[in-house]
Amino acid sequence: MRVIDHIKQAKDTLISFEILPPLKGKGINAIYNHLDPLMEFKPAYINVTYHRSEHIFKKKPDNSFEKVVIRKRPGTEAICASIMNKYNVDTVPHLICGGFSVQDTEDALLTLSYLGIDNVLVLRGDAAKNETSFIPEPGGHKYALDLLKQVIDLNNGVYLEEELKGTSSTTFCTGVAGYPEKHFEAPNMQTDLINLKKKVDAGADYIVTQMFFDNKKFFAFEKACREAGITVPVIPGLKPITSTKQLTIIPRTFYVDIPTDLSAEILKCKKDEDVEKVGTEWLLTQSKELKKAGVPVLHYYTLGKPHVVANVVREL
Ligand code: FAD
C-alpha cells in the first residue's frame with residue numbers, strides 16, 4: 001500500500017522505521033534480528049536506505065595500490081521485498097541519483113514495481129566518499145527533482161524508449177527529503193524551500209525530514225512550508241542519541257544542531273549507558289509533543305539501536 005494512502009486512512013499518528021542494509025558479509029538475518037523487536041508496534045511502513053559504491057585504494061603484495069570499487073551495503077531492493085514477504089508490511093526503498101544513469105534508474109524502478117513495491121523515497125544522494133561535492137553519473141540526474149520527474153513519467157506510462165507502445169504505468173507513491181535546519185549546500189532557507197516546493201509541484205506525495213533534536217525547528221519548518229504553498233504531509237524524522245561521541249559526529253555528518261540542554265545533560269554522563277537513558281528520554285519527549293501536535297507519522301531512524309526506539313514507542 002502507498003504511504004500516502006496509509007496517512008489518508010489513519011485515525012492517529014502512524015509509526016515508521018528506517019533501517020540500513022546489513023554490511024556485506026552479514027546475512028538477511030541481521031535485518032530480521034534488528035526488526036523483530038520493532039514489529040510489535042505495527043509500523044505502517046519500513047524505509048530501507050540506499051548506499052552507493054565507493055572507490056578505495058587496496059594495497060597489493062608489491063606495495064603498490066590498486067583502485068577498486070566496492071559496495072559495503074548492497075541489496076536495498078531485495079531487502080524491501082524480503083521484509084514485505086516476512087512481516088507483511090509495506091516498504092519504502094530509497095532511490096538516489098548518485099551512481100545511476102537514467103537507464104539504470106528506469107530498470108531499478110521496474111524491478112521495484114515487479115516486486116510489488118508501491119513506494120520510493122526520491123533523493124539525490126551525497127557526494128561519493130572520494131569526491132568533495134556531488135557529481136552526477138554521466139547520463140544521470142543532478143537533483144532529486146530530476147529523478148522524481150522520471151518516476152512521475154513512469155507513473156504516467158512514459159518510458160525512456162518513446163517508441164514503446166501500450167506501456168503499463170507504475171503507481172509509485174513518492175516521498176522527498178526536507179531539511180528543518182536547511183540542506184547544507186543551500187545558500188539560505190528560502191532558496192532551499194523554493195527547491196523543495198519544486199519537488200512537491202512535480203508530484204511528490206509527502207516530505208520526510210532530516211533528523212532534528214529541537215521540535216521548535218520542525219514546527220517552524222512546517223509553518224514555512226505551508227506559507228510557501230506546500231500542502232503535502234510533512235513527516236518528522238527522529239533519531240536517538242546514544243553516545244557522547246555523537247555530539248560531534250551528528251552535527252558534522254548531518255548539519256544539524258544539538259540543543260544546549262541536551263548536550264549539557266549528555267556531557268554530565270560518565271558512560272554511554274547513561275547517555276542512552278538521556279537520549280531515550282529526550283526522544284520520548286520530542287515524540288510526545290509531535291504526536292500531540294498531530295503529525296501524520298513519527299519516522300524513526302533506528303540505525304543499530306532498535307531497543308532504544310522500541311522503548312520510546314512503547315511509552316507513547
Ligand atoms: P536535492 O533535493 O536535489 O537538493 C540538494 C541541494 O540542491 C539542496 O541544497 C537544494 O536546495 C539544491 N537544489 C535542489 N534543486 C535545485 C535546483 N534545481 N537548482 C539549484 N539547486 C537545487 N543519502 C543516500 O545516499 N542514501 C539514502 O538512503 C539517504 N536517505 C536519506 C533519507 C532522508 C530522510 C534524508 C533527509 C536524507 C537522506 N540521504 C540519503 C541524504 C541525501 O541524499 C542528502 O542529504 C543529499 O545531500 C541531498 O539529497 P536531496 O534529495 O535532499 O537533494
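All ligand and atom numbering here is 1-based and tracks the order in the structure. Along the sequence shown, residues are numbered consecutively beginning with 1. Just so you know, these numbers use all the heavy atoms, side chains as well, and skip hydrogens, waters and symmetry mates.
- In terms of polar-atom proximity, Gln210 is not counted as a contact of ligand 1, lacking any N or O under 3.5 Å from an N or O of the ligand.
- Within a 6.0 Å radius of NZ in Lys277, no more than 12 heavy atoms belonging to other residues, nucleotides or ligands are found.
- For the pair Arg314 and Phe41, the cation-pi criterion (under 6.0 Å, within 45° of the ring axis) is not fulfilled.
- Looking only at heavy atoms of the protein, atom 11 (O) of ligand 1 is closest to Asp192 OD1, 2.7 Å.
- For atom 29 (C) of ligand 1, the closest non-hydrogen atom on the protein side is Leu123 CD1, 3.5 Å.
- Distances from atom 43 (O) of ligand 1 to the heavy atoms of Ala186, Ala144, Pro93, Gly125 put Gly125 nearest.
- Polar contact with ligand 1: absent for Thr209 (N/O pair, distance under 3.5 Å).
- The shortest contact between atom 2 (O) of ligand 1 and any protein heavy atom is with Lys199 NZ, 2.7 Å.
- Checking only distances, Glu185 never comes within under 3.5 Å of ligand 1, N or O to N or O.
- For the side chain to side chain donor-acceptor pair (under 3.5 Å) test, no residue two or more places apart in sequence or in another chain qualifies with Asn63.
- Summary of contacts: the protein heavy atom closest to atom 8 (C) of ligand 1 is His183 ND1, 3.2 Å.
- Other residues, nucleotides and ligands place more than 12 heavy atoms under 6.0 Å from the NZ atom of Lys291.
- Among all protein heavy atoms, the one lying closest to atom 34 (C) of ligand 1 is Tyr301 OH, 3.2 Å.
- A salt bridge does not link Glu137 with Lys142: none of the charged nitrogens is closer than 4.0 Å to a carboxylate oxygen.
- Among all protein heavy atoms, the one lying closest to atom 7 (O) of ligand 1 is Tyr143 CE2, 3.5 Å.
- Looking at every heavy atom in both residues, Gly203 comes nearest to Thr174 through O-OG1, 3.4 Å.
- The structure places NZ of Lys197 at 12.0 Å from CG of Leu145, a figure rounded to the nearest 0.5 Å.
- If you look at His94 next to ligand 1, the close heavy atoms, those under 4.0 Å, all belong to the side chain.
- Distances from atom 25 (O) of ligand 1 to the protein include at least one heavy-atom value under 4.0 Å.
- On a distance-only criterion, Thr191 and ligand 1 share no N/O pair closer than 3.5 Å.
- For the pair Ile96 and ligand 1, the shortest N or O to N or O distance does not fall below 3.5 Å.
- The nearest heavy-atom contact from the protein to atom 49 (O) of ligand 1 is Tyr179 OH, 3.5 Å.
- Below 3.5 Å of separation, one finds no N or O of Thr49 facing any N or O of ligand 1.
- The shortest N or O to N or O distance between Ala177 and ligand 1 is not under 3.5 Å.
- Under a 4.5 Å side-chain heavy-atom cut-off, the cluster of Ile, Leu, Val, Met, Phe, Trp and Tyr residues that includes Ile70 is completed by Ile56, Val68.
- Taking the ring axis of Phe65 as reference, the NZ or CZ atom of Lys58 does not stay both within 45° of it and closer than 6.0 Å to the ring centre.
- At the top of the distance list for atom 53 (O) of ligand 1, counting protein heavy atoms only, stands Arg124 CB, 3.3 Å.
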Hey, mind stepping through Asp118 and Tyr45 against side-chain hydrogen bond (donor to acceptor under 3.5 Å, both in side chains) and telling me if it holds? CA-CA 11 Å; Asp118 298 321; Tyr45 55 90; over 6 Å; no
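- In plain terms, the two heavy atoms of Ala144 and Val122 that are nearest each other are O-CG1, 3.6 Å.
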